Structures are given as structure tokens and as C-alpha cells.
Amino acid sequence: MERRRELFGGRSAAIFALAGSAIGLGNIWRFPYMVGQTGGAAFIIIYLVCCLLLSLPIFLAEAIIGHRTQAGTFGAMEQLAPGTKWKWLGLLTVVSPLIILSYYSVVGGWSIGYLWQSVTAGFHASDIGTVSSAYERFISAPWRPLFFHTLFLLGCAAIVSAGVKSGIEKFNKISMPLLFVLIVLIMCYSIALPGASEGVAYLVKPDFSKITPSAVAAAMGQSFFSLSLGVGTILTYSSYIRRDENIFVTGLGTVAFDLMFALIAGFAIMPAVFAAGIKPGAGPGLIFETLPYIFAKMGAAAPWLSAGVAVLFFVTIVFAAFTSAISMFEVGVAYLVEQRGLSRRRATVLIFIGTWLLGAVCSLSFGPLSGVKIFGQTIFGFCDMLTSNFLMTFGGLLFVLFVGWKMDKSAVRDEFTCGGTARFNCAVFDAFWFLLRYVAPPAIVIIFLTNFLA
Ligand code: PFF
């Protein structure tokens, strides 16, 4: 059945959408923390190299599949390798983003809850212990987090059901520039705080002694997560890019935006953390414990300014989470529309119900269901571990093997070089081909083993 597909309007729309998927919580809390712990500027250099030599080729492999077939994950595999076991890769990459979306939506919901608090009451705790116990109470109480999880997913559903152009493209075109403006404003505030210079030093002072093999593996893993690789979101979004668009330039643009945002986020967060006299910590704790405490502490000296920055900060988090979440939502919707013949609206409702249910169980695993353990982890922890440690890397490895070793080289070259018309792409194709075939597969296995043994 021939179905007319909606496409993104042009290059900037495509880059905004892809960058929207990539830029998320990974850039705001994970990257700054990793930089500080793993050698400051030295880590940034390694991260840059990983992005260009490893993650960009993997990104392009996924993008090439989507762009060439103009189909979602399952349809793409059926087109390029009909009747083979590769269809399981197509299915895996429908399921894994939906699992991620389920628990990502829980954290997205917490961010809306904190945004609400920053608007209505602000943060006033006098010590970090009080902030931490408020956070514990918030996430373990059953109803409020469930309410915000529902709100977050409803937001995603509304955008996705409006379509590729009037929903996803429009939302990203507004949100992405807004996100950059907000994060730069927060960075200016943060760097101007008294005592911020120590935080700046934390990020820029290179400490090469901390560059160990495990730090390199961590940089590879972070670039993988940050660029949303291995779960079909890049493939699906690339299938909405016009056939005459240069996929290499689009990929480069996306990686550059993602990297830039991560760096600015580092300078927005760490100086404030140091200015408040706190040792930097990892995980959701940074966003929901450390930062509210900083806002409370700074509020004592400049209440209005601090309250305003708190609101801007949580707006940033909520929007960053939204732009990533809709890319995962879209993978499932594209599958149901293209492979099962459902209308976009009906597909959206089904994906909403499925992810809401799994997300609700994840949310309750901080409270009433905290006793339920899978491999020693709560349900939320298990979903997170399963997807970010295993399914993402496994999917990424299979995509790379598919493009590098199974697809016809001339088809890959054709796609990469815009049919031989893009001269710069022609010049770098051999390097891309080499990285894809010989560097990416062992590197992904290293990331996988590092995650496994961690
Ligand atoms: N890249 C996102 C981040 O850095 O927060 C996370 C993510 C989004 C992972 C979309 C996977 C995905 F499909």
C-alpha cells in the first residue's frame, strides 16, 4: 500500500528535530558530572574525539538506513533485508525506545512537579537534608508523581498526534532555540556567582592522570547515550528528511549542537554547585536535591533573581525532556501507522496507554512497589539498566554491522555522498567506511562490557 509520508521542511528542521532527540537529561546532569570526575578538560577532549570518530559514524549508519528507505525501523529492515532475521532488529528498536520512554516520562513528570513548585512556592530549605527528604517524600508518594507522569505523557501524545510537520517539527523549532537561550542565561547567572571560579576550574583544568581506559569507555558510553543511538529514534527521524538532503551535514550539525549544549550545561551547573559549597554528585540527585538547595541558599541573598532562575532552570529541563521523549514516542507511532495501518491518532492512543502503564509501575516502584525487585533492582532501576546498558548498545552494534557488513557498499556510498554529487562527502567516505567497519564494532563491545562489569 502506497502511503504518502510527511517530511520535515528542510535542513534546519531536521537538525532541530534530531538535536531535540539528542539533547536531554543526559546533557544536563550526566555530562557535567562526568567531566568533573574524569579529568576536566582532558575528558572533554576525549569526549570530542569519541563523538567524531565513534558516535558520528554510528549516528550516520542509523540515519542512512532511515533516509534510504523512508520507513520506520521495522519497515526499513523489511525493505533492505526482506524475509531475514534482521526484522528482529526492526522490532527490538520499536520496543526499546518505548521502555525508555516509560521511565523517562516519570522523571519528566518529576521535572514538571518541580517546575510547579518553583512557580508557586519556590525552594526555602535551610539544609540539604531537608531538600533530600522532601524529594524522597515526593517521589515515593503514589499520586502526585503519577499525576505528573500522566501530564508529561499527555503532552508528548498531543505533539506526536499533531503529525511530523505540524507537531514534531513545529515543537522542536520553537523549543530548541528557546533551550539554548535559557541555558546560556543560566550559565551567565551561575558564572557570576561569588565563588563560582572553582566550578569553572573543575571543568577546564585538564588532569591527564585521570584518563584511564575506563574513563575512555565512559566517554564512549556517554556520547552513545547523549546522541540517542541504537534505539531507532535517529533512524525514524532520518526517514522524515527529504531525499535530496545531505545526511552527513545533518549528522555533523546534530553532533555539534549536542556537544555545544552539553558544554554550556556544564558551565551552567558546576559553578553554581561550587558557589554553594557543595561537592558535585551524580544522578537525578543533582537536579532534584542539589539544585533546589542552591536555589534556596542563593534565595537568601537575592530572592527574586534566584526564584526566576529556578523557574527558567526547570523550564529548560522539562523542554529538554519533552523533545527527547517525543522522538521515542514517534518510533512506536510510526510502526503502528506504517506496519499495522492504524491512523496516527489511534496509534498515539495505543502508545500512550502502553507507556503510561509501564511508566506507572516504574513510578510506583519508588513507593508502594519498592519491595518488588528484578535482579536486585527496583522496576525503574531494572528498566533503566536493561535499556541504557544493554538494549541501546546491542541495537547500535547491530545497526553498525548491518550497514558496514550487510548492506551493499555502493548503496551506502550513494546515500553518504548524495549520489556522488557532494564532493566533501566523497572525500571522507573511505574514512567513514573504515570507522564503521573496523572501529565502531569493537568500541561498542567495549562499552557493553564496561556496562556489564560496572
Ligand atoms: N539523548 C537523550 C539524553 O541525552 O538525555 C536520551 C535519549 C533520548 C536516549 C532518546 C534514547 C532515546 F531514544
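Atoms within each ligand, like the ligands themselves, are counted from 1 in listed order. Only a predicted model underlies this, so the values are computations on that prediction, with no experimental measurement involved.
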Inset, instruction - Check W116, Y104, F366, F152 against W110 for a ring pair (Phe, Tyr, Trp, His ring centres under 6.0 Å) and give me the one that passes. - result: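 With W110 as partner, ring pair (Phe, Tyr, Trp, His ring centres under 6.0 Å) holds for just one option, F366.
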Legend entry - Of F402, W405, F74, the residue whose pairing with W86 passes ring pair (Phe, Tyr, Trp, His ring centres under 6.0 Å):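 So, applying the ring pair (Phe, Tyr, Trp, His ring centres under 6.0 Å) to W86 and each of F402, W405, F74, only F402 qualifies.
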Inset, instruction - Specify whether W356 and H149 have parallel, tilted or perpendicular ring planes, treating 30° as the upper limit for parallel and 60° as the lower limit for perpendicular. - result: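 The rings of W356 and H149 lie parallel, inter-plane angle below 30°.
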Inset, instruction - Would you indicate which of G26, A325, S228 comes nearest to atom 8 (C) of ligand 1 when only heavy atoms are counted? - result: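 Comparing heavy atoms across G26, A325, S228, the nearest one to atom 8 (C) of ligand 1 lies in S228.
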Inset, instruction - Any chance you could lay out the side-chain contact (heavy atoms from CB on, under 4.5 Å) test for V273 and Y202, step after step, and finish with the verdict? - result: CA-CA 11 Å; V273 169; Y202 181 82; over 6 Å; no
Legend entry - cation_pi(R30, F225) dist<6.0 Å, angle<=45: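 Verdict for F225: a cation-pi partner in R30.
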Inset, instruction - Check the side chains of S238 and R68 for a donor-acceptor pair under 3.5 angstrom, ignoring hydrogens and angles. - result: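 No, because no side-chain N or O of R68 sits under 3.5 Å from a partner of the opposite role on S238.
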Inset, instruction - Indicate whether the side chain of T233 and that of S327 have a donor and an acceptor atom separated by less than 3.5 Å. - result: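 Their side chains do not contain a donor-acceptor pair, so the 3.5 Å distance test is not met.
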Inset, instruction - Tell me which part of P97 gets within contact of ligand 1: side chain, backbone, both or neither, using heavy atoms under 4.0 Å. - result: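 Neither part.
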Inset, instruction - Specify side chain, backbone, both or neither for F225, according to which of its non-hydrogen atoms lie closer than 4.0 Å to ligand 1. - result: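 The part of F225 near ligand 1 is both the backbone and the side chain.
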Inset, instruction - Could you find the nearest protein heavy atom to atom 13 (F) of ligand 1 and give me its residue, atom name and distance? - result: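 Answer for atom 13 (F) of ligand 1: V231 CG2, 3.0 Å.
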Legend entry - Identity and separation of the nearest protein heavy atom to atom 4 (O) of ligand 1: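 So the nearest neighbour among protein heavy atoms is A22 O, 3.1 Å.
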Legend entry - For S21, the ligand 1 atoms whose distance to one of its heavy atoms is below 4.0 Å: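 By the 4.0 Å cutoff, the relevant atoms are 1 (N), 2 (C), 8 (C).
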Inset, instruction - Give the numbers and elements of all ligand 1 atoms closer than 4.0 Å to a heavy atom of M392. - result: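 Selected atoms, number and element: 9 (C), 11 (C).
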Inset, instruction - Examine Y104 against ligand 1 and note whether any of their N/O atoms are separated by less than 3.5 Å. - result: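 Yes.
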Inset, instruction - Please confirm whether R30 comes under 4.0 Å of ligand 1, counting heavy atoms of the residue only. - result: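 In this structure, R30 fails to qualify as a contact of ligand 1 - no heavy atom is under 4.0 Å.
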